[in-house]
**Student:** 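Submitted below is the structure of interest, expressed as structure tokens.
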Amino acid sequence: MVGRTITVVRHSPPTVARTMTDHHYRIETLAIHAGQQPDPSTGAVMTPIYQTSTYVQDGVGQHKGYEYSRTGNPTRAALEACLAALEGGKHGLAFASGMAAIDTVFRLAAAGEHVLAGNDVYGGTFRLLDKILKDYGIEYTFVEMTDLAAVRDGLRPNTRLVWLETPTNPRLKIFDIRAIADLAHANGPRTLMGVDNTFATPYLQRPLELGADIVAHSTTKYLGGHSDVIGGAAILDDDAIHERLKFLQNAIGAVPGPMDCWLVLRGVKTLPVRMDRHAGNALAVAQFLADHPAVDEVIYPGLPDHPQHALAMRQMRNGGGMISFVVRGGADAARRVAERTRLFALAESLGGIESLIEIPAAMTHASTQGSPLEVSAGLIRISVGLESKDDLIADLRSALAGL
Ligand SMILES: *Cc1c(COP(=O)(O)O)cnc(C)c1O
């Protein structure tokens, strides 16, 4: 084999596992440096895209830590270490999508065990429980988690996982992570508490510090931040659960490719600046909507009249970039608004630099129709991007005109 005779360049993979979980570094610094250091073989400042499926071995079983890219890849390892540092966790695992991450975490539950989930979750998470995991013997129930007594009553002796999003999607409710983690842990040693932190991101909220055991992300959204990649992640502290999840990650194989990992790593570098601007723009847009005569209701955690505003300000750095609202005239009027904006693109997803608008009942949350999680047909959800807030407000003003 030719490779054995070439001795000039010996690329050794960088030690990308360096995690910088040092509390000494703040999140703005971790976003740019954690998990990454100049490539020792070339000095490249940015983590290379290791577009390879396999790695040469010096002798049978003798390698530099990488054997096959489903199991491990240096670009992915850099992303995993970076995301772990951002969430203040010990271990990070990257997946091919947010749903791949959530599915892998849910497989911690065995047949006959129970998942207690918040009653406002991503439509795909609902579908995973309701259409797939149910048939493998995993029980699930949904409860209103703004009501802590309902959470306590919803726990069962066989509850393996308490699962929530906060802010929720699309109603933007805020759940008390610390209080719910305490209830979950009081249920018994096998009950874990997980948070889908996609909407808040670790810049706004760090669930592990509030007592959660596992954090999951769709990195497709704010972490990637540019609407150009699909990805997911899980972050946690516990070594044994990490071993199990890592085993599942490799055994199931829903892993991201190196190019996608690189895109998320690149996006994460600007996460703190982006999130500040997303939230600043969203607050201005929410205030505009709240004052508009054709708008019946605005849901934004950063507005003082949000039902959990005080909790949001305690648990999060700011109100985030997502707003839901209801216009006068019901479902037809909502559709008209969503079809009339020009800057806000009519599309699913969220968390990119560009502004998006959608009707959850007909789009992202269509799978909840007829279930207790069904979303009202008149609700409009917007992801406020980084364009000029004045241009965004002008766009909504003209879309709302004549309602
Ligand atoms: C988008 C999303 C997911 C699913 O992530 P994908 O990357 O689309 O698989 C899960 N949870 C939340 C809150 C999301 O917004």
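FYI, the numbering just counts along the sequence from 1.
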**Student:** I want to check something: taking the side chain as every heavy atom from C-beta on, are Cys82 and Val268 in contact at a cut-off of under 4.5 Å?
**Tutor:** yes
**Student:** Heavy atoms, side chains only, cut-off 4.5 Å: are Ile382 and Val285 in contact?
**Tutor:** yes
**Student:** Can any side-chain N or O of Tyr300 pair as donor or acceptor with the backbone N or O of Gly320 at less than 3.5 Å?
**Tutor:** yes
**Student:** Mind listing the closest non-hydrogen atom pair of Pro202 and Asn197 along with its distance?
**Tutor:** N-ND2, 3.7 Å
**Student:** Donor-acceptor pair, distance only, cut-off 3.5 Å: does the side chain of Thr75 make one with the backbone of Pro48?
**Tutor:** yes
**Student:** Just by distance, do the side chain of Asp213 and the backbone of Met193 share a donor-acceptor pair under 3.5 Å?
**Tutor:** yes
**Student:** Locate the shortest heavy-atom distance separating Phe325 from Val298; write the atom from each residue and the value.
**Tutor:** CB-CA, 4.1 Å
**Student:** Could you give me the CA-CA distance, side-chain angles and deciding distance for Lys134 and Glu139, then say whether salt bridge (Lys or Arg N to Asp or Glu O under 4.0 Å) is met?
**Tutor:** CA-CA 6 Å; Lys134 187 178 71 171; Glu139 302 167 18; over 6 Å; no
**Student:** Any salt bridge linking Lys173 with Glu144? Criterion: basic side-chain nitrogen under 4.0 Å from a carboxylate oxygen.
**Tutor:** yes
**Student:** Would you say the side-chain atoms of Asn169 and Arg381 include a donor-acceptor pair closer than 3.5 Å?
**Tutor:** yes
**Student:** Hey, could you give me each pair passing salt bridge (Lys or Arg N to Asp or Glu O under 4.0 Å) that has a residue in residues 321-333? Not counting sequence neighbours.
**Tutor:** none
**Student:** Please find out if less than 6.0 Å separates the ring center of Trp163 from that of Tyr140.
**Tutor:** no
**Student:** Nearest heavy-atom pair of Val215 and Pro207: which atoms, and what distance?
**Tutor:** CG2-CB, 3.7 Å
**Student:** Ignoring hydrogens and geometry beyond distance, is a side-chain donor-acceptor pair present between Glu354 and Ser227 at under 3.5 Å?
**Tutor:** yes
**Student:** Taking Ala109's backbone N and O only, do any of them form a donor-acceptor pair with Arg160's side chain (distance below 3.5 Å, no angle check)?
**Tutor:** no
**Student:** Any side-chain heavy atom of Val384 sitting closer than 4.5 Å to one from His278?
**Tutor:** no
**Student:** Could you tell me which non-hydrogen atom of Phe175 sits nearest to which non-hydrogen atom of Gln315, and how far apart they are?
**Tutor:** O-NE2, 2.8 Å
**Student:** Between the side chains of Asp120 and Arg171, is the shortest nitrogen-to-carboxylate-oxygen separation below 4.0 Å, so that they form an ion pair?
**Tutor:** yes
**Student:** Are Arg317 and Asp276 ion-paired here, with the side-chain N under 4.0 Å from a carboxylate O?
**Tutor:** no
**Student:** From the options Leu172, Thr166, Leu204, select the one residue that forms a side-chain contact (heavy atoms from CB on, under 4.5 Å) with Phe199.
**Tutor:** Leu172
**Student:** Run the salt bridge (Lys or Arg N to Asp or Glu O under 4.0 Å) check on Lys90 and Asp239 step by step: do they pass?
**Tutor:** CA-CA 8 Å; Lys90 196 165 162 194; Asp239 294 337; 2.8 Å; yes
**Student:** Tyr136 ring centre to Lys131 NZ or CZ under 6.0 Å, with the angle to the axis within 45°?
**Tutor:** no
**Student:** Hey, could you give me the CZ/CG distance between Phe344 and Asp391, rounded to the nearest 0.5 Å?
**Tutor:** 10.5 Å
**Student:** For Phe247, what residues pass the side-chain contact (heavy atoms from CB on, under 4.5 Å) criterion, not counting sequence neighbours?
**Tutor:** Arg244, Ala251
**Student:** Main chain of Ser218, side chain of Thr198: is a donor-acceptor contact present, judged purely on distance under 3.5 Å?
**Tutor:** yes
**Student:** Classify the side-chain pair Thr159/Glu113 by whether it contains a donor and acceptor separated by less than 3.5 Å.
**Tutor:** no
**Student:** How would you list, by chain and number, every residue that makes a side-chain contact (heavy atoms from CB on, under 4.5 Å) with Glu374, sequence neighbours excluded?
**Tutor:** Gln369
**Student:** Within 45 degrees of the axis of the six-membered ring of Tyr222 and under 6.0 Å from its centre: does Arg274 put its NZ or CZ there?
**Tutor:** no
**Student:** Apply side-chain hydrogen bond (donor to acceptor under 3.5 Å, both in side chains) to residues Gln36 and Lys269 and explain how you reach the verdict.
**Tutor:** CA-CA 11 Å; Gln36 298 154 77; Lys269 292 183 201 304; 2.5 Å; yes
**Student:** Please verify the inter-ring angle class for His91 with His242; under 30° counts as parallel, over 60° as perpendicular, anything in between as tilted.
**Tutor:** parallel
**Student:** Using the side-chain contact (heavy atoms from CB on, under 4.5 Å) rule, take Lys246 and Leu93 through it: C-alpha gap first, then chi angles, then the decisive distance, then the call.
**Tutor:** CA-CA 7 Å; Lys246 198 170 163 49; Leu93 293 164; 4.0 Å; yes
**Student:** Could you tell me whether the side chain of Leu396 reaches within less than 4.5 Å of the side chain of Thr341, counting heavy atoms only?
**Tutor:** yes
**Student:** Distance from Leu379 atom CG to Glu297 atom CD, nearest 0.5 Å?
**Tutor:** 7.5 Å
**Student:** Supply the atom-to-atom distance Asp103 CG to Ile252 CD1, rounded to the nearest 0.5 angstrom.
**Tutor:** 6.0 Å
**Student:** CG/Leu86 to CG/Leu223 distance, rounded to the nearest 0.5 angstrom?
**Tutor:** 7.5 Å
**Student:** Can a salt bridge be assigned to the pair Arg335 and Glu339 using a cut-off of 4.0 Å between side-chain N and carboxylate O?
**Tutor:** no
**Student:** For Lys389, does the NZ atom have more than 12 heavy-atom neighbours from other residues, nucleotides or ligands under 6.0 Å away?
**Tutor:** no
**Student:** For residues Thr191 and His185, is any side-chain donor paired with an opposing acceptor at under 3.5 Å?
**Tutor:** no
**Student:** Under a 4.5 Å cut-off applied to non-hydrogen side-chain atoms, are Ile174 and His306 in contact?
**Tutor:** yes
**Student:** Output the distance between atom CD (Gln249) and atom OG1 (Thr104), rounded to the nearest 0.5 Å.
**Tutor:** 7.5 Å
**Student:** Whether the side chain of Ser324 engages the backbone of Pro170 through a donor-acceptor N/O pair (distance < 3.5 Å, no angle test) should be reported.
**Tutor:** yes
**Student:** So does Gly385 get a backbone contact from the side chain of Asn281, meaning a donor-acceptor N/O pair under 3.5 Å?
**Tutor:** yes
**Student:** Taking the side chain as everything from C-beta on, heavy atoms only, tell me whether Leu116 gets closer than 4.5 Å to Met145.
**Tutor:** yes
**Student:** Please answer whether the main-chain N or O of Glu165 pairs with a side-chain N or O of Thr168 as donor and acceptor at a distance below 3.5 Å.
**Tutor:** no
**Student:** Thinking salt bridges, do Arg206 and Glu87 make one under a 4.0 Å N-O criterion?
**Tutor:** no
**Student:** Run the side-chain contact (heavy atoms from CB on, under 4.5 Å) test on Phe95 and Ile102 for me, step by step, so that the C-alpha distance in whole Å, both residues' side-chain angles and the decisive distance to 0.1 Å come before the verdict.
**Tutor:** CA-CA 9 Å; Phe95 293 89; Ile102 293 167; over 6 Å; no
**Student:** Between Ser69 (side chain only) and Thr52 (backbone N and O only), is there a donor and an acceptor less than 3.5 Å apart?
**Tutor:** yes
**Student:** Test Glu358 against Thr364 for side-chain hydrogen bond (donor to acceptor under 3.5 Å, both in side chains), laying out the working first.
**Tutor:** CA-CA 8 Å; Glu358 69 127 355; Thr364 49; 2.6 Å; yes
**Student:** Which atom names give the shortest non-hydrogen contact between Asn318 and Met275, and what distance separates them?
**Tutor:** ND2-O, 4.0 Å
**Student:** Please answer whether the main-chain N or O of Gly351 pairs with a side-chain N or O of Ser383 as donor and acceptor at a distance below 3.5 Å.
**Tutor:** yes
**Student:** We want to know whether Glu67 and Thr54 form a side-chain donor-acceptor pair, criterion being a heavy-atom distance below 3.5 angstrom.
**Tutor:** no
**Student:** For the residue pair Ala96 and Val255, what are the closest heavy atoms and their distance?
**Tutor:** CB-O, 3.5 Å
**Student:** Could you verify whether a donor N or O on one side chain and an acceptor N or O on the other, from Asn250 and Thr71, lie under 3.5 Å apart?
**Tutor:** yes
**Student:** Give me the one residue out of Tyr55, Tyr66, Tyr50 that meets side-chain hydrogen bond (donor to acceptor under 3.5 Å, both in side chains) with Asn73.
**Tutor:** Tyr55
**Student:** Verify the neighbour count for atom CZ of Arg266: are there more than 12 heavy atoms of other residues, nucleotides or ligands below 6.0 Å?
**Tutor:** no
